[in-house]
Structure formats: structure tokens, C-alpha cells
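Keep in mind that what you see is a predicted model, and the values were worked out from it rather than measured.
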Amino acid sequence: VSNVLLDGGNVFNIFGGSNASGDVTISNVIAETGVATNIFGGNNIGGTTATTNVTINGGDIENVYGGGEKTDVTESSNVILNAKAFNVFGGSDSAGVVNVSYISINDGIATNVYGGNNLGGTTTTANIRINGGVLKNVYGGGLKAYTTATNINMIYGNVFNIFGGGSQAGVGVTHVNLNKGYIQNTFGGSNTNGDVEVSNIKNISSSLSESNLTVDTSFSASSINQSGISDMVSSETITVDIANQTGVNITKWDFYLYTNSLVLDSNWSGTNVEEIDGLLHADEVSQWYGTNPINNGTVYNFSFNIHSYVEYEEFKILGYTMIGYDDTGNKYQTSYFKELYNSNIFGGNNLGGQTKTSNINLTSGIVDLVYGGGEKATTELANVIIDGAVINKAVYGGGNEAPSVTTEDPDKQYDITSDYKEIAGSLDEVESKNEQGAGNLYESGKKAGEINVLCYYEFDKIGPECEILDVFA
């Protein structure tokens, strides 16, 4: 067992494991303060590590690897991001096989998060769990390295792009599970390159942390501009009320506020308020003197001014995380997110590569646009089910600027009576009217049976032929 603590100083490479040879059973690397370019949970160029544990609580960290430089992790790699890092990889760097990788983001901040390896090697199964935070790009797979299977669980947080696949790499099967939070783009597949066999995007239901330390937030229009920013669209004054009914005094606390657009302008309260890459943070430190404890049975209040790049009517407070500690170190946490907000969902890849089969099943959340295919990349078979989600604009079975999705051979002959279950599509029950397909062989209320394809069919006449349209369910 190895233990490495970074609590100051400036280090280029930190390895939890060995250098040229030697196997390590368990490695533990913790970063509290200091500067590090690369932190590896595993070995460098030789030997193996069975289980790696890397925890980032602070410091100025550029790259984090759950695995090694060119080595294997035989059991599991485990990365916990509680602070900020630029790139986070669940796997290794240039070579090596990682059996299972786990990344847990807890109100952390990162530019790129990869469940898999960086430049080479493979990760068999990659798992990413997002428990709050502000992230630019989250990839279930690797940067340029193949991953067999990926699982992304978005519990809550603010993410610009989520890819079930890799950046420039393929993945066998992807799973993107969405609970709550704010996402600009969700892709079931990869980004600029790499093929995906099967992608899956669906909603899940996962409860957030609750305690008797609760928060009420509100905002109003503002004309204050002390920062001199000229390109903002609107300005808001945000008010925060923290109520403590825990039965103890909270002496140390951290508050994180999530919005759909935020630039901190000014703070005239006694509370230390800062913006960290679009995430607003406040704590018990007074910007004037001492600290601001929250005594039991009291409500602590503070206000500040922000700018945003959306119209006032479109500005949203999405959610918050409140973490408090009493004098003995007991933790009290409440996290709140009202809903899932997702601007665009694509079942396939973004700019390159292809997805063979994409599956989207949306049962909750608010989404602007849904595409069964990719942005500009081909998807061979796209399946979309909307069953409870609110779609503000449109649903497309195909992609945005992508080649047409093929769901079935358009020249295939169907016998409507014998092949009813095959062509009935994903509908659990046929709608009460079918304007272009009325007839006794397509009865209203008939059960669709097995889900095989996800598109509407136009029946020009009662008979053995049907035409498949590019209008999908």
C-alpha cells in the first residue's frame, strides 16, 4: 500500500505506484494544496497497480489520471474530484489496460473529463458520476483510446457537452443517464472521430442530499454595473437566505449556486462571494472581518449583483448545494435542482465517426431539440421514445446536418396483417386517429406489441405496401 500527499510545493509528476517495475496492491494519492502538472494513481512505465485512489481536494492541478503512464490497473481506478483540475482521466495515459475506472465529481470544476485512457491502451468499463460541479466536456470514453463500455450518471450539475463516447475514439456501448441539471449538448456517441456500436440516453430518478440546512434563493432585475461589463444582456440582484434548523451551530460552510448564465459584478454584503468558471461560491469567511457562523434557529441572508448573457425573462437559478459543518466536524448537506434542462440531445456522434444504433428514451426533463442521429455524423439506426419529457421545439428521428438515418429498407414489402407488430413502431397504443392510414387493418386502440422500429408510417392505401417517411416518433 502506498500513500502520497500533496500539501504544498510544485511537482511535475506524482505517481501513486512504482516506476520501472514492481506491483502495487493499493495506491492512495491526495492533493490538498500545491501545484502539480500530472498526478497518476498507478505506475509509470512498468509493473501494475491493482487498485488506485486519487482524491483532489485542492491545489493547482493540470492533469489527473486514475491509471498510470504506460501501465495496467488490474482491478479498479478511482478518482474523486472535490476541487478543480483541467483534465481528468479515469484510465492511463499513453498505454495500459484499465479494468474498471470510476470518476466521482463532487461540486468540482474541470475543462475535460474522460472516463477512459488518454492516447493509448484501453479501458474496459468506464464510470462517471456527476454530483454537482461546472464541467465543459464530459466524455464517457477516452481522448484517443478505445473504451469497451461507458456509463455516465448525471445526478446534477452544469455541463456544456456530454459525450457517451470518446473525443477522438470509439466505444462499444455507451450509457448516458440524466437525472437533473443544466446541459447544453448531450451526445450518445463520440465527438470528432470514433465509431460507437450502440448508444443509450435515458432519464433516471435519483434523490439529492437533504438536511435541515436549507436555502431559499430569489432574484430581481438590476441596473447596477460596477464591473463595467458592456456586452451583458441583463443584470440581476440575487438574494440568498440560509436557514439552520439542524439543532447545532454551523461554524464552517460552503454554498454553491448554479444558474444558466452568470458573471459576478459586485458584492456589497459581508459574505465572501466569488465566481469560479460560472459557478458561484460563498462561504463563512467575512469579506470585512472574521467569519459568519449560522447559529441554530437563525436565517443568514446576503445579496450580490451579477450580469448574464441571456434576457432577464430567460435567466434561471437552476439549483444549489449547501454544505455545513459544526464544531465537531459533523457534515450537513442539502442539494437542490428543480429539473433537468437540456438544450440539445443527439443520439449519435457529433462531427465524425458514426453510431450504428442509437436509443433515446426521455421520460422527464425539459429539452429544446431532440435528434435521433448526430450533429454531422452518420447514424445507421435511430430509435427515439418521448414519454413524459417536455420538448420545447422539435423531435427529429434523423440528425441535424447529418446523412439520413436508415431505419428500414424503404423498398421492403409488408403484409399489414401478418407484419403488424413489426411496422407498428414504438407506440404502446395507436392514436385514436391516423389521418392517412384509416382502415380496418389499422384499428384505433390496437396494441403495438414489440418495439422494433421508431418511426411513423404512411399507409397510402389498404394493401401489402407502405411508405416509410422521414418523420419519426
Side-chain angles (χ1 to χ4, degrees), residues 32 55-58 80-84 102-109 128-135 153-159 177-182 203-219 238-260 262 269-276 278-286 290-304 316-341 364-365:
E32 296 289 350
T55 303
I56 308 300
N57 293 326
I80 299 175
L81 182 65
N82 298 325
K84 184 177 180 179
Y102 297 94
I103 298 176
S104 180
I105 310 247
N106 303 313
D107 297 304
I109 297 172
I128 300 174
R129 185 178 178 88
I130 303 169
N131 297 303
V134 175
L135 311 168
N153 291 309
M154 171 72 170
I155 307 304
Y156 70 98
N158 191 330
V159 182
N177 303 314
L178 306 175
N179 184 41
K180 296 182 179 182
Y182 184 82
N203 296 112
I204 59 173
S205 179
S206 180
S207 60
L208 307 186
S209 300
E210 294 183 353
S211 72
N212 288 324
L213 191 62
T214 58
V215 179
D216 181 48
T217 61
S218 61
F219 65 91
I238 295 180
T239 300
V240 178
D241 296 295
I242 304 174
N244 180 9
Q245 298 295 332
T246 61
V248 296
N249 294 332
I250 300 298
T251 55
K252 183 178 180 180
W253 53 271
D254 290 281
F255 171 73
Y256 301 92
L257 184 70
Y258 296 89
T259 73
N260 60 335
L262 182 150
S269 74
T271 304
N272 178 49
V273 179
E274 60 180 340
E275 177 208 342
I276 309 173
L279 177 66
L280 188 133
H281 170 252
D283 58 25
E284 78 282 354
V285 177
S286 171
T291 61
N292 298 306
I294 307 174
N295 294 327
N296 181 52
T298 65
V299 176
Y300 181 76
N301 172 281
F302 61 97
S303 299
F304 51 92
K316 295 182 179 68
I317 292 179
L318 304 173
Y320 66 82
T321 295
M322 179 67 195
I323 305 171
Y325 298 89
D326 61 21
D327 284 333
T328 58
N330 294 314
K331 182 178 179 180
Y332 304 84
Q333 177 171 337
T334 299
S335 298
Y336 171 79
F337 247 92
K338 181 179 180 181
E339 190 59 89
L340 169 70
Y341 303 91
S364 63

Between atom [atom1] of [X] and atom [atom2] of [Y], what is the distance when rounded to the nearest 0.5 Å?
{"X": "Gln245", "Y": "Asn296", "atom1": "CD", "atom2": "CG", "value": "6.0 Å"}
{"X": "Ile323", "Y": "Asp283", "atom1": "CD1", "atom2": "CG", "value": "11.5 Å"}
{"X": "Asn272", "Y": "Glu284", "atom1": "CG", "atom2": "CD", "value": "8.5 Å"}
{"X": "Asp241", "Y": "Asn301", "atom1": "CG", "atom2": "CG", "value": "4.5 Å"}
{"X": "Arg129", "Y": "Ile103", "atom1": "CZ", "atom2": "CD1", "value": "14.0 Å"}
{"X": "Lys84", "Y": "Ile56", "atom1": "NZ", "atom2": "CD1", "value": "13.5 Å"}

- Step-by-step side-chain contact (heavy atoms from CB on, under 4.5 Å) determination, Asn249 to Asp327: CA-CA 8 Å; Asn249 294 332; Asp327 284 333; 5.5 Å; no
Please report, to 0.1 Å, the donor-acceptor pairs under 3.5 Å made by any side chain of residues 203-211, with sequence neighbours excluded.
from	atom 1	to	atom 2	distance (Å)
Asn203	OD1	Thr363	N	2.7
Asn203	OD1	Ser364	N	3.1
Asn203	ND2	Ser364	O	3.4
Ser211	OG	Leu213	N	3.2
Ser211	OG	Gln333	O	3.4
Ser211	OG	Thr334	OG1	2.7

- Polar contact flag, side-chain donor to acceptor under 3.5 angstrom, Thr217-Tyr320: no
- Item | Pair Asp326, Tyr332: side-chain N/O donor-acceptor within cut-off below 3.5 Å |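 Their side chains do contain a donor-acceptor pair, which is all the 3.5 Å distance test asks for.
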Ignoring hydrogens and geometry, is there a side-chain-to-backbone donor-acceptor pair from [X] to [Y] under 3.5 Å?
{"X": "Asn158", "Y": "Thr259", "result": "yes"}
{"X": "Thr246", "Y": "Val248", "result": "yes"}
{"X": "Asn82", "Y": "Asn57", "result": "no"}

Side-chain contact, heavy-atom cut-off 4.5 Å: [X] with [Y]?
{"X": "Phe304", "Y": "Leu280", "value": "yes"}
{"X": "Leu257", "Y": "Ile317", "value": "yes"}
{"X": "Asn244", "Y": "Trp253", "value": "no"}

Taking all atoms of both residues into account, what is the closest heavy-atom pair of [X] and [Y], and its distance?
{"X": "Thr239", "Y": "Ser303", "result": "OG1-OG, 3.1 Å"}
{"X": "Ile294", "Y": "Met322", "result": "CD1-CE, 4.1 Å"}
{"X": "Ala83", "Y": "Gly58", "result": "CB-N, 3.6 Å"}
{"X": "Ser104", "Y": "Asn106", "result": "OG-OD1, 3.3 Å"}
{"X": "Val299", "Y": "Ala243", "result": "CG2-CB, 4.0 Å"}
{"X": "Tyr256", "Y": "His281", "result": "CE2-CD2, 3.4 Å"}

- Item | Derivation of the side chain to side chain donor-acceptor pair (under 3.5 Å) call for Tyr300 and Asn292 | CA-CA 9 Å; Tyr300 181 76; Asn292 298 306; 3.2 Å; yes
- Task: Flag the pair Phe337 / Tyr258 as yes when their ring centroid distance falls below 6.0 Å, and as no otherwise.
- Result: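 Yes.
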- Candidate pair Val240 and Phe255, rule side-chain contact (heavy atoms from CB on, under 4.5 Å), full reasoning: CA-CA 10 Å; Val240 178; Phe255 171 73; 3.9 Å; yes
- Task: Please report the C-alpha distance between Phe302 and Ile242 in whole Å, then the side-chain angles of each, then the deciding distance to 0.1 Å, and finally whether the side-chain contact (heavy atoms from CB on, under 4.5 Å) criterion is met.
- Result: CA-CA 9 Å; Phe302 61 97; Ile242 304 174; 4.0 Å; yes
